[in-house]
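I have placed the structure first, in the form of C-alpha cells, so that the comments after it can refer back to it.
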Amino acid sequence: MSRDNPIIELRGVGKTFQSSDGEVVALKDINISIDEGDIFGVIGMSGAGKSTLVRCVNLLERPTEGSVWFDGQELTGMSPRELRNARRSISMIFQQFNLLMQSTCLKNICFPMEIAGIKAADAKKRAEELLEIVGLPDKANAYPAQLSGGQKQRIAIARALASDPKVLMCDEATSALDPTTTRSILELIKDINKRLGITAIIITHEMSVIEEICSRVAILDGGHVAEIGRVEEIFSNPQTEAAKKLVYPNGSPVTHLKSERVVRIAFNGGTSYDPLIASLAIDCGVKVNILGADTRNVGGKAFGTMLIGLPNDNDAAEKALAYIRRQKDISCEEVEYSHD
Amino acid sequence: MTELFTSPAWTEALLILKSETLTAIWETLYSTVLATAFAYLIGLPLGVLLVTGETDGIRPLPKPLMAVMNFVVNILRSVPFLILMIVAIPLTRAILGTAIGTKAMIPPLVFAAFPFVSRLVETSLRETDKGVIEAAQSMGATPFQIVYKVMLPEAKPSLISGATTAFITILGYGAMAGAIGGGGLGNLAITYGYYKFKAIIMWAAVIMIVILVQIFQSVGTRLAVKSDKRIN
C-alpha cells in the first residue's frame, strides 16, 4: 500500500486561532501521509477540526505549526506565487458548491483555466469535454440557480477537474444532498479516481460515505488524529472512544451471540434490509445473527450498515455469503471481530 | 381654473419654458452623467479597497491606511453638500478656470458623490458569498483576479442598483448646485421661479426633475433584476 512518495504529507501540523477570549487550538500534532491514487477519508464529529484540516492542506488556513508537503515540495515554505501555482494541482469541492451564481455552467468550468491564462477557445473545448465527463453535456448555458443540488456538485466537480489536478479535496461534498444523489456523486468521484488517477481526500461526518469509497481513513477527534488506517480494519475493530462512537453510534453491538465469521453489510439504498435476513433463512435455509445494526430507512430505501454473524458450519456460511454478494445495492465484506 | 391658462403669467411662462427647457434638461443630464462617471472612477476602486484591505480581506492593507481611507470617506460624507460646494469653489476654479456654469458643477458633485459611491460599492461587495471567494483562492486566483472575475461580476445586480441610487442622488445634488451658479433644471427653478417670482416655471422644473428620477429609477431597477441570474 505505502509507496515511496506520498502525494500529500502533513508533518506535525497544528493550528491555533487567536480569539478575543484567548487561544483556540483547532488542530494538534497532525501527521498524515496520503498515497498517490488513494481515496483517503477524514471523519469526525462537527467541531473536530475537519474543515480546518482540509484547509491546511492547500493553505487556505496557514498552519501555526509543522509543515505541509505536496508531491515532494513543501507548501508551507513557498512564496505566494509558487503557492498559487501549486494550488492549481489541488482542487477542492464544497458542501455549498460555491459556484459563480452570475455565470453559466460553461463559464464556471472555464474559470480555473481563465485564471491560469489558458486561451478562451481551448478552455471552452476542455469545459465541454468535462461537462460530458460529469454527465451534464446539455447544461453548458444554464445558470447554477437552474440546477438541482446534485447537478450543481457535478458542475463543481467539472470545474475542479479543469486544472488537471493531482488531488481532489471534497469538503462535506455530499452533506447537502439526498442519499440517492450522494451515491451518484460518490460514484462519480470513484470513477474519476479510477480513470484519471486523481487522489481524493473525502471530508465527511457520515460513516456511509467513508464506507462507500474510501480505502484509508483518519478519525479526527478534538483536533487530533484518534485513529488512522485502512477502513475495514478501523471499522471492524475500533480502538478509541471516538472511533467507537462513529462506528456504533447507538452503543456497542450485542456480542453475546458468538460466531466464528462475521460479515459487515452496507446497505446502499436498496428496497429494505428486513427481507434480506428473512430471505436468507427462506432461500438458503441459513440462520444468521445480527450483531449490530445502524440502518436508516430513507424514502423506503435502506441505508447503513449491519454486522452479521455467520453460522459456524462452513458450507452454510459460504452459501449465505454468496447469497448476500448476489444482492443488489448491498456490499459486504468479512471482518475481524473480537468477542470480548 | 381656466383663467390661469389664459392669464399673461401663463403665456409668459410657456414662452420661457419653450426656449429654456431643452437646454436645462440637457445640462442636468450632462452634468449628472459626467459627475457619476468620475465619482465611480474614484469611488469604485476605493470601495473595493475598503473590502479587500480589511484584516481578514483577500489582500489586507496596513491598518493605518485603512483608517485614513475610512476617515476621509466619513468626513466628506458628513459635510453638507451646500458647504462642500462653497469649499470646493477654489479647487473648481483651479481645475476648470471658472466656478460658474454647468461644467463648474461637476467637481463639487464628484467630491460629494465619490465617498457615497465607495460606500455603496463596499456594501455590494460585502454581499459576495465568502465560499465563492474561497473556491477561487483554492484554484490559485490572485487577489486582483478575485476582484474583477469573482467579486465584481457576482455583485453586478447589486452594483447596478447602487449606481441607480448614486445617479439619482447626484441628480438631486445637481439641482442644488444649480442654485449657486450652476446650470440645468435646478437653475431654471431658482432663477426664474424663485428670484423672479414665476411659480409656474419653478413647478414645471420640479415636475421635470421628478419625471427624470422616475425614469432612471425604473430603468435601473429593471436592469438590476434582469442581470441577476439567481432568480430565473
Side-chain angles (χ1 to χ4, degrees), chain A residues 17-18 51 54-55 57-61 75 78 80-105 107-117 141-147 155-156 159-163 165 167-169 171-172 176, chain B residues 44 48 51-63 121 123-163 220-232:
Chain A
F17 289 103
Q18 305 289 342
S51 279
V54 70
R55 277 160 184 75
V57 171
N58 61 4
L59 263 54
L60 284 177
E61 293 282 5
L75 293 180
M78 284 183 175
R81 179 196 287 266
E82 287 170 323
L83 179 62
R84 282 198 291 270
N85 267 323
R87 277 178 179 166
R88 293 191 182 132
S89 300
I90 312 173
S91 282
M92 196 166 173
I93 58 172
F94 306 84
Q95 179 172 3
Q96 294 305 329
F97 324 119
N98 294 352
L99 295 171
L100 296 163
M101 297 305 281
Q102 306 292 357
S103 301
T104 61
C105 293
K107 281 213 76 182
N108 264 287
I109 301 170
C110 285
F111 181 76
M113 299 186 268
E114 212 176 291
I115 61 176
N141 295 315
Y143 286 91
Q146 298 164 314
L147 305 181
I155 297 298
R159 180 175 71 171
L161 295 178
S163 52
V167 176
L168 175 65
M169 300 201 294
D171 182 21
E172 297 275 12
Chain B
L44 185 72
V48 168
V51 177
T52 59
E54 284 194 320
T55 322
D56 56 350
I58 57 166
R59 180 71 180 80
L61 293 172
K63 271 193 180 146
V121 171
T123 314
S124 295
L125 294 188
R126 276 192 204 288
E127 288 166 26
T128 321
D129 184 357
K130 294 267 183 303
V132 183
I133 294 172
E134 192 182 38
Q137 283 174 323
S138 79
M139 291 171 207
T142 62
F144 186 62
Q145 284 171 328
I146 292 174
V147 168
Y148 84 97
K149 283 183 189 287
V150 178
M151 292 171 80
L152 292 175
E154 284 292 287
K156 197 165 103 187
S158 173
L159 286 169
I160 293 175
S161 298
T221 307
R222 199 159 304 167
L223 279 179
V225 170
K226 222 181 149 191
S227 79
D228 196 345
K229 305 302 180 190
R230 286 169 300 184
I231 41 172
N232 60 9

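Note on naming: letters A, B, ... go to the chains in the order of the sequence lines (proteins, then strands), and numbering restarts at 1 for each one. As the structure is a computational prediction, the values presented were derived from the model and not from experiment.
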Where does [X] contact chain B at under 4.5 Å (heavy atoms): side chain, backbone, both or neither?
X	value
A:Ile93	neither
A:Arg81	neither
A:Leu60	side chain

Restricting to non-hydrogen atoms, name the atom on [X] and the atom on [Y] that form the minimum distance, rounded to 0.1 Å.
X	Y	answer
A:Arg84	B:Ala141	CD-O, 3.6 Å
A:Met101	B:Lys229	O-CB, 3.6 Å
B:Ala135	A:Arg159	CB-NH2, 3.7 Å
A:Asn58	B:Ser138	ND2-CB, 3.7 Å

Check whether any side-chain heavy atom of A:Asn98 sits under 4.5 Å from a side-chain heavy atom of B:Asp129, and report yes or no.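 SC-SC contact between A:Asn98 and B:Asp129 confirmed.
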Are side-chain heavy atoms of A:Phe94 and B:Glu134 found at a separation under 4.5 Å? yes
With a 3.5 Å cut-off and no angle check, do the side chains of A:Gln102 and B:Asp228 form a donor-acceptor pair?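 B:Asp228 and A:Gln102 do have a side-chain donor-acceptor pair below 3.5 Å.
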CA sep, side-chain torsions, deciding dist, call: A:Leu99, B:Val132, side chain to side chain contact (heavy atoms under 4.5 Å, CB included): CA-CA 6 Å; A:Leu99 295 171; B:Val132 183; over 6 Å; no
More than 12 heavy atoms of other residues, nucleotides or ligands under 6.0 Å from CZ of B:Arg59: yes or no? no
Greater than 12 external heavy atoms within 6.0 Å of B:Phe144's CZ: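 Count not over threshold, so no.
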[X] portion near chain A, given a 4.5 angstrom heavy-atom threshold:
X	result
B:Lys149	both
B:Gln145	side chain
B:Thr128	neither
B:Ala155	neither

